Enquirer: 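Supplied in structure tokens, the structure appears directly below.
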There are 2 protein chains.
Amino acid sequence: MTYGDAIDATFHALGDPTRRALLDRLRTGPLPVCDLAADLPISRPAVSQHLRVLSEAGLLLVTPQGTRRLYSIAPDGIAALRTYLDTVWDDALAGFAAAAHAQAAKAARKE
Amino acid sequence: MTYGDAIDATFHALGDPTRRALLDRLRTGPLPVCDLAADLPISRPAVSQHLRVLSEAGLLLVTPQGTRRLYSIAPDGIAALRTYLDTVWDDALAGFAAAAHAQAAKAARKE
DNA sequence: CATCTCCGTAAGTCATGACTTACCGTAAGT
DNA sequence: ACTTACGGTAAGTCATGACTTACGGAGATG
């Protein structure tokens, strides 16, 4: 029924637009918290909380550098997401094709 | 900055575990609402509301059949998701590789 | 037509979670 | 050692949204 709590946390983390904005911002490379907060209309602690959620979901990595903490996208997290989506995708396509087939057969029988 | 409200609605819809359970349930093929509600510990109206959210996010298709309404996964919705993830994925991998490279170069310089 | 099943909508309740300010560590610079 | 920048945590507020029950409409069945 569930693909595990990991995927669960991942999708929950991605559900928030601000967190996706953070991910987008990190696409070009690692950044410290202050830089991330400067681009967003929310307070720095709020950013910290979002980063925490993303990290616990396995989507971010942290590398302390002096007094700063550089956040970067975790390839493993994205990989898990893609794996999940690929599964849903394949099954859905197969199911869709089968349904379309059945539908076409039924229509052909009817007309 | 945003990939559009469509992707926004899609991720929001996927953020709820019950809705992902509905998607999982529909992977094998279209089902009417009563069947979907039977598998979940929530009321049927709650299921209807989730189905509405998923439909508006472009993730589900509806095909009325008499008094029933068959819900099925919308391939286009999943496709949009994959496209978005592919973009994030590619950029992140490139950024990660670049960062790792810089890190390795710095480490080599230091030692 | 009467009835029954299927299902969407409305209204209201309640939990979750996204923000705020205030505070406290930790590391670098003087 | 003192100060300053960075950033995580705590506590509290407030909006969002996930559920409930009650209701109404639309199609099948007698």
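Convention: sequence-line order gives letters A, B, ...; per-chain numbering from 1. No experiment lies behind these values; they were computed from the predicted model shown. Worth knowing before you read on, the calculation uses all heavy atoms, side chains too, and leaves out hydrogens, waters and symmetry mates.
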Enquirer: Enumerate the residue pairs fulfilling salt bridge (charged side-chain N to carboxylate O under 4.0 Å, His left out) with a member in residues 61-70 of chain A, sequence neighbours excluded, ordered by first and then second residue.
Expert: none
Enquirer: Does the ring pair (Phe, Tyr, Trp, His ring centres under 6.0 Å) test come out yes or no for A:F11 and A:Y84, once each step is laid out?
Expert: CA-CA 11 Å; A:F11 273 109; A:Y84 172 87; 5.2 Å; yes
Enquirer: Within the structure, does a side-chain N or O atom of A:Y71 lie under 4.0 Å from either OP1 or OP2 of D:dG8?
Expert: yes
Enquirer: Could you run down nucleotides 22-29 of chain C 5' to 3' and tag each one B, S or - for protein heavy-atom contact under 4.0 Å?
Expert: B----SS-
Enquirer: Starting the side chain at C-beta, find the nucleotide from D:dG7, D:dT21, C:dT21 nearest to B:S43.
Expert: D:dT21
Enquirer: Within the 4.5 Å heavy-atom criterion, are A:L26 and A:Y71 side-chain neighbours or not?
Expert: yes
Enquirer: Would you say that A:L60 contacts A:S72 through its side chain, given a criterion of any heavy-atom pair below 4.5 Å between the two side chains?
Expert: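 The answer is no; the side chains never approach within 4.5 Å.
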Enquirer: Looking at every non-hydrogen atom in both residues, tell me the closest pair between A:V47 and A:L40 and how far apart they are.
Expert: CG2-CD1, 4.2 Å
Enquirer: How does DNA chain C look in dot-bracket form if you count Watson-Crick and G-U pairs under 3.5 Å, write [ ] for pairs that cross, and put | where a base pairs with another strand?
Expert: ||||||||||||||||||||||||||||||
Enquirer: Could you pull out every donor-acceptor pair under 3.5 Å between side chains of residues 13-21 of chain B and any protein atom, sequence neighbours left out?
Expert:
unit_1, atom_1, unit_2, atom_2, d
B:D16, OD2, B:T18, N, 2.9
B:D16, OD2, B:R19, N, 3.2
B:R19, NE, B:A13, O, 2.7
B:R19, NH1, B:H50, ND1, 3.1
B:R19, NH2, B:H12, O, 3.4
B:R20, NH1, B:L14, O, 2.7
B:R20, NH2, A:D8, OD1, 2.7

Enquirer: Does any pair with a residue in residues 45-58 of chain A pass salt bridge (charged side-chain N to carboxylate O under 4.0 Å, His left out), and if so which ones, sequence neighbours excluded?
Expert: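 Sorted result for residues 45-58 of chain A: A:R52-A:E56.
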Enquirer: Whole angstroms only, please: what is the CG-C1' distance between B:L31 and C:dC6?
Expert: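 In whole Å, C:dC6 C1' lies 15 Å from B:L31 CG.
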Enquirer: How many Å lie between CZ on B:R69 and C1' on C:dC7, as a whole number?
Expert: 8 Å
Enquirer: Could you list all N or O pairs between the protein and nucleotides 15-18 of chain D that sit under 3.5 Å apart?
Expert:
unit_1, atom_1, unit_2, atom_2, d
D:dA18, OP2, B:R19, NH1, 2.9
D:dA18, OP2, B:R19, NH2, 3.2
D:dA18, O5', B:D16, OD1, 3.4

Enquirer: Any side-chain heavy-atom pair from B:V62 and B:L70 closer than 4.5 angstrom?
Expert: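 When only atoms from C-beta onward are counted, B:L70 and B:V62 do not touch, as no gap falls below 4.5 Å.
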Enquirer: For a quick test of reading the model, state the closest non-hydrogen atom pair linking A:I73 to A:L23 and the distance between them.
Expert: CD1-O, 3.6 Å
Enquirer: Go through the steps for B:R25 and B:D35 under the test salt bridge (Lys or Arg N to Asp or Glu O under 4.0 Å), then give the verdict.
Expert: CA-CA 10 Å; B:R25 191 71 178 75; B:D35 284 20; 5.9 Å; no
Enquirer: Can you check the B:R68 CZ to C:dC6 C1' distance for me, whole Å?
Expert: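 From B:R68 CZ to C:dC6 C1': 8 Å.
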Enquirer: Could you tell me how far apart B:I42 (CD1) and D:dT21 (C1') are, to the nearest whole angstrom?
Expert: 15 Å
Enquirer: Can you check whether B:R52 has a side-chain N or O nearer than 4.0 Å to OP1 or OP2 of C:dG8?
Expert: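 For B:R52, the contact criterion (side-chain N or O under 4.0 Å from OP1 or OP2 of C:dG8) is not met.
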Enquirer: Could you tell me which non-hydrogen atom of A:A74 sits nearest to which non-hydrogen atom of A:L61, and how far apart they are?
Expert: CB-CG, 3.7 Å
